[in-house]
Amino acid sequence: MKHTKKVDEFIAKLEHPLKAELEAVRSIIVNANPKIEEDIKWGGPSFLYKEDLATFNPRIKNYVALIFHKGALINVKSDFLEEATKGKVYAKFYSMDQVTANKELIEKMVNAWVELMDK
């Protein structure tokens, strides 16, 4: 999937110290699988396929916060991912090095979600 104008406009106006990292993670997600769609939901860029997959929380400024809403269902384990309440899983990016180092992990999360939704 390509980036959408709605999310492009949101990010253009966004003031965030790690904006480049957020944009890089966004690109990883939308390019991981052509079935993924993006929109603005819950105050940030959000990604879905049949159901909500993940949303950035741009109000958090000291890292890029990506929340996988039903991450516990995805069944991808990594020390980088933090389990949270109600089945959520957080990915926190503090630098571009972390984005690069976890590219395959994010792609795996996205593709596992698509597989789960297609079952």
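- Between Gly44 and Pro58, the shortest heavy-atom distance links the atoms CA-CD, 3.9 Å.
- By the 4.5 Å heavy-atom criterion applied to side chains, Val64 and Gln98 are not counted as neighbours.
- Separating the CG atom in Asn33 from the CD atom in Glu115 is a distance of 9.0 Å, to the nearest 0.5 Å.
- The shortest side-chain heavy-atom distance between Pro45 and Ile40 falls under the 4.5 Å cut-off.
- Separation of atoms CD (Glu37) and CG (Asp52) is listed at 11.0 Å; rounding is to 0.5 Å.
- A salt bridge links Asp118 with Lys50: the distance from a Lys NZ or Arg NE/NH1/NH2 to an Asp or Glu carboxylate oxygen falls below 4.0 Å.
- At least one side-chain heavy atom of Ile106 sits under 4.5 Å from a side-chain heavy atom of Ile29.
- Residues Asn102 and Val25 have side chains not in contact (no heavy-atom distance under 4.5 Å, counting atoms from C-beta outward).
- At a threshold of 4.5 Å between non-hydrogen side-chain atoms, the residues His3 and Ser27 count as touching.
- In this structure, Met109 and Leu81 have side chains that are in contact, with non-hydrogen atoms separated by less than 4.5 Å.
- Side chain of His16 to backbone of Ile60: a donor-acceptor contact under 3.5 angstrom is found.
- Residues satisfying the ring pair (Phe, Tyr, Trp, His ring centres under 6.0 Å) test with Phe10, not counting sequence neighbours, are none.
- One distance of note links CG of Leu66 with CG of Asn57; it measures 10.5 Å at 0.5 Å rounding.
- Interatomic distance, NZ of Lys86 versus NZ of Lys70, reported as 13.0 Å (0.5 Å rounding).
- Atom OG in Ser78 sits 11.5 Å away from atom CD in Glu104 (nearest 0.5 Å).
- Tracing side-chain contacts under 4.5 Å through hydrophobic residues (I, L, V, M, F, W, Y), one never reaches Leu48 starting from Ile67; they form parts of separate clusters.
- More than 12 non-hydrogen atoms from other residues, nucleotides or ligands lie less than 6.0 angstrom from NZ of Lys77.
- Hydrophobic clustering of Ile, Leu, Val, Met, Phe, Trp and Tyr side chains at less than 4.5 Å, counting indirect connections, unites Val99 with Leu14.
- In this structure a side-chain-to-backbone donor-acceptor pair under 3.5 Å is present from Lys61 to Glu15.
- Atoms CG and CD1, on Asn111 and Ile74 in that order, are 10.5 Å from each other to the nearest 0.5 Å.
- No donor-acceptor distance shorter than 3.5 angstrom exists from the side chain of Lys35 to the backbone of Tyr49, with no hydrogens or angles considered.
- Hydrophobic clustering, with ILVMFWY side chains joined whenever heavy atoms are under 4.5 angstrom apart, keeps Trp42 apart from Ile11.
- Applying the ring-ring contact (aromatic ring centres under 6.0 Å, His included) test to pairs two or more places apart or on separate chains, those with a residue in residues 88-119 are Tyr63-Tyr94, Phe80-Phe93.
- At a threshold of 4.5 Å between non-hydrogen side-chain atoms, the residues Ile36 and Leu53 count as touching.
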Pair Asp8-Arg26, side-chain contact (heavy atoms from CB on, under 4.5 Å): steps then yes or no: CA-CA 10 Å; Asp8 285 343; Arg26 173 194 181 200; 2.9 Å; yes
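- Remark: Glu107 engages Lys103 in a salt bridge, criterion side-chain N to carboxylate O under 4.0 Å.
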